[in-house]
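What follows is a single structure, written as structure tokens, with notes after it.
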Number of protein chains: 2
Amino acid sequence: MHDALERSKALFIRRWGEMSGYWGINRTMAELHALLYISAEPLNTDQIMEALQISRGNASMNIRQLVNWGLVSRIHKKGDRKEYFTAQTNVWEMFETIVRERRRREVEPIIETISRCRQLVADNMSTLEDDRQQEARVYRERLDNMADFLTTINGLLNALLDSGQGGLGQVERTLVKVAR
Amino acid sequence: MHDALERSKALFIRRWGEMSGYWGINRTMAELHALLYISAEPLNTDQIMEALQISRGNASMNIRQLVNWGLVSRIHKKGDRKEYFTAQTNVWEMFETIVRERRRREVEPIIETISRCRQLVADNMSTLEDDRQQEARVYRERLDNMADFLTTINGLLNALLDSGQGGLGQVERTLVKVAR
DNA sequence: ACTCCTTTTCAGAAGTATCTGAAAGATTGT
DNA sequence: ACAATCTTTCAGATACTTCTGAAAAGGAGT
């Protein structure tokens, strides 16, 4: 039987994997990340395969993605030809990495698209029937509201990232004041 | 050929759908949400099926999910037996709804699990060999860092939601100050 | 240049998620 | 009570994602 430490780690890894769906990444990638995050020492591919019971190809692919995200780095031990992997353990930095990537992949493209959508309608208002012009005005307002909101969020994330680790606490204190 | 308004709407819907993967929801649900968000008037199931080219069953299922999330509501028009649907159009409220749901589904369960993991190890430290005790200490520290971080985020989200629509701007101003 | 060890790639297999369409279930009006 | 109209459900079909394992590629040492 595995000891308490093993069981505890397995539980953490499992739960982290279950959360993956909500984050739009696959389960194995999340489990792999969890495994590396809680490991005291860097692990090599064979150890990862063993721990998560996955194939070599699967391990290789998912490691690559994590490295691409900047959440995991490759380690070379001298006298050992195997590659070892270790996760970013500073949680604040991890958060920064994820926020930066997601903002780039998600927030920015949608802001860009909204702007194009708005342009497309604005340039052609005059070609529309009267009742469709009314419809277009409502639509434009909806687009504008969304764009404003996303731009604000984007700015907020920028500010948060720039403010470094202290930012979070600072924000919370401000909000508590505002809420009163 | 569809006019500029139609093309613009289609573009917005498509892009919203493409973003769905990142948010852990399915494409159709996202498209359906986008469609309702930009529609001036509530739509019925047939109109939705036509607009997104999906089957009745698919429409029904996804509408239900959106209603469950609280992002869409059912509308009854008198003299019409069909049900109509409309999306929350206040973007701030939409954000609130989503944050509340996701916090409940994601942040809280993982905080709970970490706490259990920590307990499991803390209760059994003495049964471990010396070198594994060292390993356990590292592991516990990692868990603690993650738990602290998530607790902070959780508190921040609480404060943000409590502070209402003004909160976002307030936060940004604070952060800009901190960053300087 | 060859051997040995490791990592990467990728075609096909396996596993999941999503969608359809028809049948069952609801609801309203007559 | 029945007919008409609309909604929900769900088994099976389809589409998509992820995984495996073996072959190819990479690279260090002799």
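So you know, we letter chains A, B, ... as the sequences are listed, proteins then strands, and number each from 1. Excluded from the calculations below are hydrogen atoms, water molecules and symmetry mates; all remaining heavy atoms, backbone and side chain alike, are included.
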Sorted by chain and number, sequence neighbours left out, salt bridge (Lys or Arg N to Asp or Glu O under 4.0 Å) with A:Arg64 holds for none
Give a yes/no on whether any side-chain N or O of A:Ser60 is located under 4.0 angstrom from OP1 or OP2 of C:dT8.
-> yes
B:Arg74 vs D:dT8: side-chain N/O to OP1/OP2 distance below 4.0 Å = yes
Using a cut-off of strictly less than 4.0 Å between a heavy atom of the residue and any atom of DNA chain D, enumerate the qualifying residues of residues 36-47 of chain A by number.
-> none
Separation of B:Ile48 atom CD1 from D:dT8 atom P, in whole Å?
-> 11 Å
For B:Trp69, all residues meeting side chain to side chain donor-acceptor pair (under 3.5 Å), sequence neighbours excluded | none
For B:Arg15, which residues count as a salt bridge (Lys or Arg N to Asp or Glu O under 4.0 Å) partner, sequence neighbours excluded?
-> B:Glu18
When you measure from every atom of DNA chain D, which of residues 10-23 of chain B have a heavy atom less than 4.0 Å away?
-> none
Name all residues meeting the side chain to side chain donor-acceptor pair (under 3.5 Å) criterion together with A:Asp3; count only those two or more places apart in sequence or in a different chain, and write none if there are none.
-> B:Arg132
What pairs with A:Arg137 under salt bridge (Lys or Arg N to Asp or Glu O under 4.0 Å), at least two apart in sequence or on another chain?
-> none
By salt bridge (Lys or Arg N to Asp or Glu O under 4.0 Å) - contacts of B:Glu83 (at least two apart) = B:Arg74
Would you mind reading off the distance between A:Glu50 atom CD and D:dT20 atom P, rounded to a whole angstrom?
-> 13 Å
Each nucleotide of nucleotides 19-30 of chain C classed B (base within 4.0 Å of a protein heavy atom), S (only sugar-phosphate) or -, in 5' to 3' order, makes SBB-----BB--
Measure the distance from CD1 on A:Ile25 to P on D:dT17 and round it to the nearest whole Å.
-> 15 Å
Rounded to whole angstroms, how far apart are NZ on A:Lys82 and C1' on C:dT6?
-> 8 Å
Whole Å only: how far is the NZ atom of A:Lys78 from the P atom of D:dG29?
-> 13 Å
Any pair counted as ring pair (Phe, Tyr, Trp, His ring centres under 6.0 Å), so long as it reaches residues 75-126 of chain A, sequence neighbours left out = A:Trp92-A:Phe95, A:Phe95-B:Phe149
Using whole Å, report how far OH of A:Tyr84 lies from P of C:dC5.
-> 15 Å
Atom-to-atom span, CZ of A:Arg64 to C1' of D:dC19 - whole angstrom | 15 Å
Among residues two or more places apart or on two chains, list those pairs meeting side chain to side chain donor-acceptor pair (under 3.5 Å) that have a residue in residues 148-158 of chain B.
-> B:Arg103-B:Asn158
Return the set of residues passing side chain to side chain donor-acceptor pair (under 3.5 Å) with A:Arg100 (not counting sequence neighbours), or none when no residue passes.
-> none
The side chain to side chain contact (heavy atoms under 4.5 Å, CB included) partner of A:Lys82 among A:Ile75, A:Thr45, A:Asp46 is A:Asp46
Where do B:Glu6 and B:Lys9 land on the salt bridge (Lys or Arg N to Asp or Glu O under 4.0 Å) test, with the steps shown first?
-> CA-CA 5 Å; B:Glu6 290 307 312; B:Lys9 285 186 171 185; 5.3 Å; no
Length of the CD-P vector between A:Glu83 and D:dG26, whole Å = 14 Å
